Amino acid sequence: MAYITLAQAKQYLGTDVYESAYDDVTNPGTPSDTVLQNDIDAITAVVDSYVMQAYSAVITGAQSLNILKSLSEQLLIAKAYERYSMSEVPEWVAGRYDTAIFRLKDIQSGKMLLSDETQESRSSVFKYAYQSPNTDGTGRQVFNRDTMSGY
């Protein structure tokens, strides 16, 4: 599910950026909605790659969807400027892109919670939980002089 629609993307980009970045090469002077939709799908995949590491189900909360829409817009405008001219990406666009990626990393790590989601965020696979050295249930010591002989 895309967090931004084609119509919203066109409105956010504005006429100048949309027509310049998505000009159809086969029909110059006409922007290509297909290319823009492909970029929306690519941006959605990037957002999902971060969010789905923290949340297992589809995001449905209105506030959460607005946050993800805003992040998608920031990533999309950077993609549009890159498509138009890689060497002329304004600093404010690059700054918004960096901020969006930082927010996605915060969501991924659990530092930023999507507060109106009813699902629990996934626990990190990198968290360590201490286990007793006697995990086999026999009551004997796992590491002792006999079991470690020869090492």
Side-chain angles (χ1 to χ4, degrees), residues 1-137 142-143 151:
M1 172 185 91
Y3 300 107
I4 184 172
T5 65
L6 186 63
Q8 291 169 335
K10 287 180 186 180
Q11 182 181 2
Y12 183 78
L13 292 174
T15 305
D16 293 338
V17 174
Y18 170 65
E19 290 178 355
S20 300
Y22 295 98
D23 193 24
D24 190 356
V25 292
T26 59
N27 190 9
T30 307
S32 173
D33 286 348
T34 305
V35 177
L36 177 56
Q37 186 61 53
N38 289 341
D39 281 355
I40 291 170
D41 293 342
I43 295 302
T44 301
V46 169
V47 171
D48 282 345
S49 71
Y50 286 97
V51 173
M52 292 304 156
Q53 290 186 29
Y55 296 93
S56 58
V58 175
I59 304 299
T60 58
Q63 291 175 348
S64 299
L65 289 173
N66 283 336
I67 290 169
L68 297 178
K69 177 185 175 231
S70 174
L71 296 174
S72 296
E73 289 171 341
Q74 293 172 27
L75 296 174
L76 183 64
I77 197 163
K79 183 86 168 163
Y81 270 95
E82 286 175 5
R83 183 174 292 286
Y84 177 67
S85 173
M86 186 71 161
S87 62
E88 297 181 23
V89 177
E91 284 185 35
W92 66 270
V93 173
R96 284 185 180 181
Y97 177 87
D98 291 342
T99 302
I101 293 294
F102 288 136
R103 290 299 153 254
L104 288 171
K105 287 181 179 180
D106 286 346
I107 292 170
Q108 176 189 22
S109 67
K111 291 179 185 173
M112 180 177 168
L113 298 176
L114 300 176
S115 60
D116 64 339
E117 278 305 304
T118 56
Q119 61 181 310
E120 290 292 320
S121 61
R122 291 182 180 178
S123 60
S124 173
V125 295
F126 298 107
K127 290 184 180 172
Y128 175 76
Y130 176 76
Q131 294 183 355
S132 169
N134 179 12
T135 57
D136 64 356
V142 176
F143 299 111
Y151 289 100

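Keep in mind it's a predicted model, so treat the numbers as computed, not measured.
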Legend entry - Other residues, nucleotides, ligands: >12 heavy atoms within 6.0 Å of D41 CG: yes
Legend entry - Separation of K10 NZ from I4 CD1 (nearest 0.5 Å): 12.0 Å
Inset, instruction - Return the minimal non-hydrogen interatomic distance between A57 and M52, and the atom names on each side. - result: O-CE, 3.7 Å
Legend entry - Which residues share a salt bridge (Lys or Arg N to Asp or Glu O under 4.0 Å) with D39, sequence neighbours left out: R83
Legend entry - Qualifying residues under side chain to side chain donor-acceptor pair (under 3.5 Å), relative to K79, sequence neighbours excluded: none
Legend entry - Distance (rounded to the nearest 0.5 Å) between I77 CD1 and S72 OG: 13.0 Å
Inset, instruction - Might you point out which heavy atoms bring A80 and A21 nearest each other, and give the distance in Å? - result: O-CB, 3.3 Å
Legend entry - Taking every non-hydrogen atom, the tightest pair across S32 and Y18: C-OH, 4.4 Å
Legend entry - Contact check, side chains of L36 and L76, non-hydrogen atoms, under 4.5 Å: yes
Legend entry - I59 side, atom CD1; L114 side, atom CG - distance, nearest 0.5 Å: 5.5 Å
Please tabulate, for side-chain N and O atoms in residues 90-104, each donor-acceptor pair with protein atoms closer than 3.5 Å (sequence neighbours left out).
residue, atom, partner, partner atom, Å
R96, NH1, Y12, OH, 3.0
T99, OG1, G95, O, 2.9
R103, NH1, D106, OD2, 2.9

Inset, instruction - Enter the distance from E73:CD to Q11:CD here, rounded to the nearest 0.5 Å. - result: 9.0 Å
Inset, instruction - Indicate yes or no: at least one non-hydrogen side-chain atom of I40 is less than 4.5 angstrom from one of Q37. - result: yes
Inset, instruction - Give, for atom CD1 of I107 and atom CG of L68, the distance between the pair rounded to the nearest 0.5 Å. - result: 5.5 Å
Legend entry - Modelled atom types, side-chain donor and acceptor of D48 and Y3, under 3.5 Å: yes
Legend entry - Distance-only polar pair, side chains of Y22 and N38, donor-acceptor under 3.5 Å: no
